[in-house]
Amino acid sequence: MNKDNIQNNTNFKSPLRGDSGGLIVIADDITGAAEIGGVCLRYGLSVSFDINLLPEKKTDVRVIVTDSRSIDEESAYHTHRKLAEEIEKEHSTDFIFKKCDSVLRGYVLTELSALSEVFRKTSILLQPANPSTGRCIRNGIYYIYNEIIEKTGFSTDPDFPANTSLIQNLLQHRSTLKHHFTNIYTGKIKKIENTGVFAPDCDSVQQLQTSAALYEKSLLTCGSAAFFEQILIHSGFSEVNVQAQNPILKENFLMVAGSTHPESKKFRQKMVQSGCPAIALPPQLLQKHFHESDVESFVSELTKTYQKSRKLIIFINDSKVNTEVDVHQLKHRFSEIVKKLLENISVNEIFIEGGATAYDIFKTMDLTRFSPLNELAPGVLRLTSEQLQNVYFTLKPGSYLWPGGLFMQSD
């Protein structure tokens with residue numbers, strides 16, 4: 001661990017210090033892992049990623065990327081139990097952090113149950129909030145800015161709709177099979193003494209800092225990337241002056257837009273207006289049954305368009321997809337098309353919107369090991385794969401914005 005970033009204070013004892021070294025983060029999707037990677041770079045910590053495995057590369061922070069929000073609860077439990085057992089065998093970590101979705105989508109209690117069983121930790125500190133983006137908890141109720149979450153767009157999430165705003169109910173309604181936590185504490189929490197899950201109120205950066213001050217090694221810790229950052233700060237780490245230059249692109253890039261978020265659509269329209277082609281999957285590839293020749297024809301169209309423009313956006317579709325098509329099958333079909341396209345073209349910069357989309361593309365291409373290079377904006381991370389030379393991937397959650405000035409369009 002980069003001990004030079006720890007404040008020189010003889011009376012200060014960092015809960016992350018230790019001779020064995022190493023911080024391990026388990027993320028429930030790849031864009032969440034990217035957020036963690038960006039925080040690490042900001043604080044001068046070396047970081048490595050691996051998909052569903054503990055990275056062999058002994059960096060300051062090792063991030064295990066899962067896609068547990070896209071699988072069933074039973075599989076999510078066994079995925080996390082297996083990872084915990086792999087970590088336990090190594091006996092080389094000071095700190096394990098479970099990165100969860102900031103609005104608690106996924107099987108949070110189930111995954112924490114698997115980890116707590118293996119690590120024998122019965123008290124959980126959970127802080128998903130990120131006040132800087134308006135994601136706050138007040139009196140045990142989740143708000144997006146000043147609106148309860150069940151009244152926002154998160155109520156129509158296709159996989160984990162927010163049908164309640166009570167933290168306790170959000171957690172329990174989404175983990176019904178495998179979790180063993182009977183006590184979930186919310187509200188103002190000043191000390192953790194009992195067993196159970198403790199999710200303190202948090203509607204400001206100061207309260208995020210207060211939550212971080214609750215951390216001690218006997219606890220299993222889970223939450224947002226913003227919470228992870230505050231734990232680093234509380235443990236004596238400080239930001240370093242990173243002089244990374246963001247690429248300004250006029251051409252030689254491919255964008256894969258897997259998100260249906262309204263901001264994603266707006267951005268795509270602006271890119272088209274400035275001269276960047278954007279092509280959706282054709283109707284015949286949105287059906288349950290399709291011909292392989294349709295895939296080949298579409299890839300050929302994409303190849304010709306890219307070779308002419310040297311830039312391209314591809315996306316699934318803006319219209320409602322045939323409900324007979326399994327969403328996971330459609331996602332994999334999209335990934336196969338991306339893989340075939342990349343076999344036909346030479347491109348250095350690939351931008352991917354949406355964690356589930358990025359994860360499936362990497363699995364389809366058999367890419368598992370990654371090294372983050374620089375954070376273009378909070379939550380937007382540029383990285384390289386150890387298995388693919390001279391190609392750079394930039395990942396972004398669907399609801400986030402691309403950094404201004406990143407794309408320099410043709411006149």
>> Among residues at least two apart in sequence or on other chains, which ones pass side chain to side chain donor-acceptor pair (under 3.5 Å) with Asp201?
In response: none
> For the side chain of Ser155 and the backbone of Lys151, is there at least one donor-acceptor N/O pair under 3.5 Å apart?
Replying inline: no
> Considering residues at least two apart in sequence or located in another chain, which fulfil the side chain to side chain donor-acceptor pair (under 3.5 Å) criterion with Thr368?
Replying inline: Gln387
> Which atoms form the tightest heavy-atom contact between Val39 and Glu375, and what is the distance?
Replying inline: N-OE2, 4.1 Å
> Can a donor-acceptor pair be found between the side chains of Tyr359 and Asn52 at a distance below 3.5 Å?
Replying inline: yes
> Counting N and O atoms only, with roles assigned by atom type, does the side chain of Ser274 sit under 3.5 Å from a partner on the main chain of Lys270, one being a donor and the other an acceptor?
Replying inline: yes
> With sequence neighbours left out, what residues match Gln172 under side chain to side chain donor-acceptor pair (under 3.5 Å)?
Replying inline: none
>> Quick check on Asn139: does its CG atom have over 12 non-hydrogen neighbours (other residues, nucleotides or ligands) under 6.0 Å away?
In response: no
>> Less than 6.0 angstrom separating the ring centers of Phe154 and Tyr142, yes or no?
In response: no
> Going by atom types alone, do Glu150 and Ser165 pair a side-chain donor with an acceptor below 3.5 Å?
Replying inline: yes
> With distance as the sole test, does Asn183 use its side chain to make a donor-acceptor pair with the main-chain N or O of Val197 at under 3.5 Å?
Replying inline: no
>> Between the side chains of Arg369 and Glu56, is the shortest nitrogen-to-carboxylate-oxygen separation below 4.0 Å, so that they form an ion pair?
In response: no
>> As an exercise, state the distance from CD of Glu111 to NZ of Lys99, rounded to the nearest 0.5 Å.
In response: 11.5 Å
> Going by atom types only, do Ser211 and Gln230 share a side-chain donor-acceptor pair under 3.5 Å?
Replying inline: no
> So, are Arg105 and Asp157 salt-bridged, with charged N and O less than 4.0 Å apart?
Replying inline: yes
> If every non-hydrogen atom of Thr384 is compared with every non-hydrogen atom of Val391, which pair is closest and at what distance?
Replying inline: OG1-O, 3.5 Å
>> Looking at Arg120 and Glu88, is there a salt bridge between them, counting it only when a charged N and a carboxylate O are closer than 4.0 Å?
In response: yes
>> Is it the case that the side chains of Ser264 and Glu353 hold a donor-acceptor pair, with the cut-off being a distance below 3.5 Å and no angle test?
In response: yes
>> Looking at Asn194, is its backbone amide N or carbonyl O close enough to the side chain of Ser123 to form a donor-acceptor pair, meaning the two atoms are under 3.5 Å apart?
In response: yes
> Would a line drawn from the ring center of Phe393 to the ring center of Phe362 be shorter than 6.0 Å?
Replying inline: yes
> If we ignore angles and hydrogens, is there a donor and acceptor under 3.5 Å between the side chains of Tyr306 and Glu301?
Replying inline: no
>> Treating Thr110 as the side-chain partner and Tyr77 as the backbone partner, does any N or O pair qualify as donor plus acceptor under 3.5 Å?
In response: no
> Does Ser70 offer a backbone N or O that forms a donor-acceptor pair with the side chain of Asp67 under 3.5 Å?
Replying inline: no
> Under the 3.5 angstrom rule, does the side chain of Thr122 hit a backbone N or O of Thr195 as a donor-acceptor pair?
Replying inline: no
>> Is it the case that the side chains of His332 and Glu336 hold a donor-acceptor pair, with the cut-off being a distance below 3.5 Å and no angle test?
In response: yes
>> Quick check with a 6.0 Å cut-off and a 45 degree axis cone: is Arg69 positioned over the face of Phe160's six-membered ring?
In response: no
> Is a side-chain donor-acceptor pair under 3.5 Å present for Ser46 with Thr59?
Replying inline: no
> Would you call Arg174-Glu73 a salt bridge at under 4.0 Å N-O?
Replying inline: no
>> Tell me if a side-chain donor or acceptor on Arg62 pairs with a main-chain N or O of Pro55 at a distance below 3.5 Å.
In response: yes
> Does one side chain, of Thr394 or Arg382, offer a donor that lies under 3.5 Å from an acceptor on the other?
Replying inline: no
> Does CG belonging to Asn146 count more than 12 external heavy atoms closer than 6.0 Å?
Replying inline: no
> For Tyr185 and Gln168, does a side-chain donor sit closer than 3.5 Å to a side-chain acceptor?
Replying inline: no
> Between Ser335 and Asp360, does any side-chain donor sit less than 3.5 Å from a side-chain acceptor?
Replying inline: yes
> Do you know which of Arg81, Lys89, Lys82 makes side-chain hydrogen bond (donor to acceptor under 3.5 Å, both in side chains) with Glu85?
Replying inline: Arg81
> Between Phe95 and Phe97, how do the two ring planes meet: parallel, tilted or perpendicular, split at 30° and 60°?
Replying inline: tilted
> So, Arg42 side chain and Val240 main chain: donor-acceptor pair closer than 3.5 Å or not?
Replying inline: no
